[in-house]
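Everything below concerns the one structure shown next.
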Amino acid sequence: MASRDRFKIQATPAADKAIRNLRGTTAKRYVQLENELRAQGCVAAGYRLLSPERGDFSVYCCKHLDRRWRVITTFAPGVARIVAVGEHDGQAFYSGLASTLKISSVGTQREAKPPCCGDGGWPSVGLADERSGN
Amino acid sequence: MPSSSVKPKRTRSQAGLALVDTEQMLDQVAREREALEQGSAKDLRPQVSDFLEQIEATALRLRATLGDVGISVEQSARRLRVSPPTIRKWIGEGFLDAIPDRKPVEVDPRSVVRVERVLENVRKSYPSREWTRALAAFLHDRDLVQKLGVAEAIDEAERGEYVDR
């Protein structure tokens with residue numbers, strides 16, 4: 001851990017395994033992201049995800065590594081946790097959804113994505129237990 | 001014995017709607033209880049907690065009386081402010097639950113309340129001129145979290161330990 005690092009990095013066993021299997025540009029981008037997370041915490045973690053159960057904001061953030069690869073994180077005081085790493089084709093998902101919801105697939109990406117981190121640190125919006133990650 | 005002027009079909013339809021209201025009441029009790037636990041007004045907790053218990057007991061008795069009744073596709077559409085074809089699609093996609101072996105289709109009141117809550121939260125979280133875009137964002141994130149196995153990864157980590165990197 002370099003002296004400028006402010007955050008410890010932890011991963012779930014599943015995420016750790018997925019990270020070890022990353023190759024090429026995706027692996028390089030992951031290393032870069034991990035360095036950013038060590039130095040900046042939730043500032044580097046992308047946008048807040050909505051909760052799959054209730055539709056309000058979840059305690060997870062999503063960072064795009066490249067076109068398909070995503071990294072899901074959450075935060076505790078002084079710790080950035082890598083929850084999952086995997087592939088998800090958002091474009092294909094929205095195209096599929098366009099037919100079921102009868103909406104145009106062009107421009108259906110959400111209009112605003114709240115950042116993972118707010119001005120006051122973690123979380124940017126909504127409740128996240130008593131966690132404070134930045 | 002006087003015969004009832006209310007037809008069975010109508011009674012069933014009204015019971016279904018009453019059950020949706022009952023489920024909503026139970027959902028609200030759960031949310032108020034959660035807010036009470038997180039809130040700072042400790043002095044009020046015993047009284048509010050007793051009150052919530054009474055409401056919950058009433059709602060549970062009402063649920064037992066009304067039985068296993070659902071609401072129609074049209075009633076669901078009016079309640080959720082979408083079209084009947086959308087309700088049928090959501091049943092097909094598993095977003096809403098249909099009660100098995102009912103013809104015509106009856107929608108499970110609990111799933112109506114669950115979807116109502118999701119729509120309400122989605123609209124609050126992502127204000128949009130077109131609510132379908134907000135719903136698309138919700139469905140996208142739900143799909144992402146499911147595909148990447150977030151819940152399973154967290155369960156696994158909590159059973160064991162997180163790996164330091």
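Each chain gets a letter, A, B and so on, in the order its sequence line appears, and its residues count up from 1.
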May I ask whether [X] and [Y] are part of the same hydrophobic cluster, defined by side-chain heavy atoms of I, L, V, M, F, W, Y residues being less than 4.5 angstrom apart, directly or through others?
{"X": "B/V29", "Y": "B/L62", "answer": "no"}
{"X": "A/L33", "Y": "A/I9", "answer": "yes"}
{"X": "B/M25", "Y": "B/V69", "answer": "no"}
{"X": "B/L80", "Y": "B/V73", "answer": "yes"}
{"X": "B/I55", "Y": "B/L19", "answer": "no"}

Should A/V83 and B/L148 count as side-chain neighbours, where that means a heavy-atom distance under 4.5 Å?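 No, their side chains stay 4.5 Å or more apart.
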Residue by residue, scan residues 62-71 of chain A and write down, ordered by number, those that have a heavy-atom distance under 4.5 Å to chain B; if none do, write 'none'.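 Residues of residues 62-71 of chain A touching chain B at under 4.5 Å: A/C62, A/R70.
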Once rounded to the nearest 0.5 Å, what's the spacing between atom [atom1] of [X] and atom [atom2] of [Y]?
{"X": "A/E87", "Y": "B/K147", "atom1": "CD", "atom2": "NZ", "answer": "11.5 Å"}
{"X": "A/I82", "Y": "B/Y162", "atom1": "CD1", "atom2": "OH", "answer": "11.0 Å"}
{"X": "A/H88", "Y": "B/D143", "atom1": "NE2", "atom2": "CG", "answer": "3.5 Å"}

Which atom of [X] lies closest to which atom of [Y], heavy atoms considered:
{"X": "A/T12", "Y": "B/A157", "answer": "CG2-CB, 3.7 Å"}
{"X": "A/Y60", "Y": "B/I154", "answer": "OH-CG1, 3.5 Å"}
{"X": "B/V150", "Y": "A/A84", "answer": "CG2-CB, 4.1 Å"}

Could you have a look at A/S51, A/P13, A/A14 and say which one has the most heavy-atom pairs with chain B under 4.5 angstrom?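 Of the options given, most contacts go to A/P13.
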Which residues, numbered in order, of residues 96-113 of chain B come under 4.5 angstrom of chain A by heavy-atom distance?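 Near chain A, by residue number: none.
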Taking A/L49's backbone N and O only, do any of them form a donor-acceptor pair with B/D141's side chain (distance below 3.5 Å, no angle check)?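 No, because the side chain of B/D141 does not come within donor-acceptor range (under 3.5 Å) of the backbone of A/L49.
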Of the listed residues (B/R117, B/R142, B/R165), which shares the most heavy-atom pairs with chain A below a 4.5 Å separation?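 Most pairs with chain A among the choices: B/R165.
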Between A/E34 and chain B, which part of the residue has a heavy atom less than 4.5 Å away: side chain, backbone, both or neither?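 Just the side chain, heavy atoms under 4.5 Å.
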Using non-hydrogen atoms only, which part of A/A15 is less than 4.5 Å away from chain B: side chain, backbone, both, or neither?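 Contact with chain B: none, neither part.
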Of the backbone (N, CA, C, O) and the side chain (C-beta and beyond), which part of B/V163 lies under 4.5 Å from a heavy atom of chain A, both, or neither?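 The answer is both parts of B/V163.
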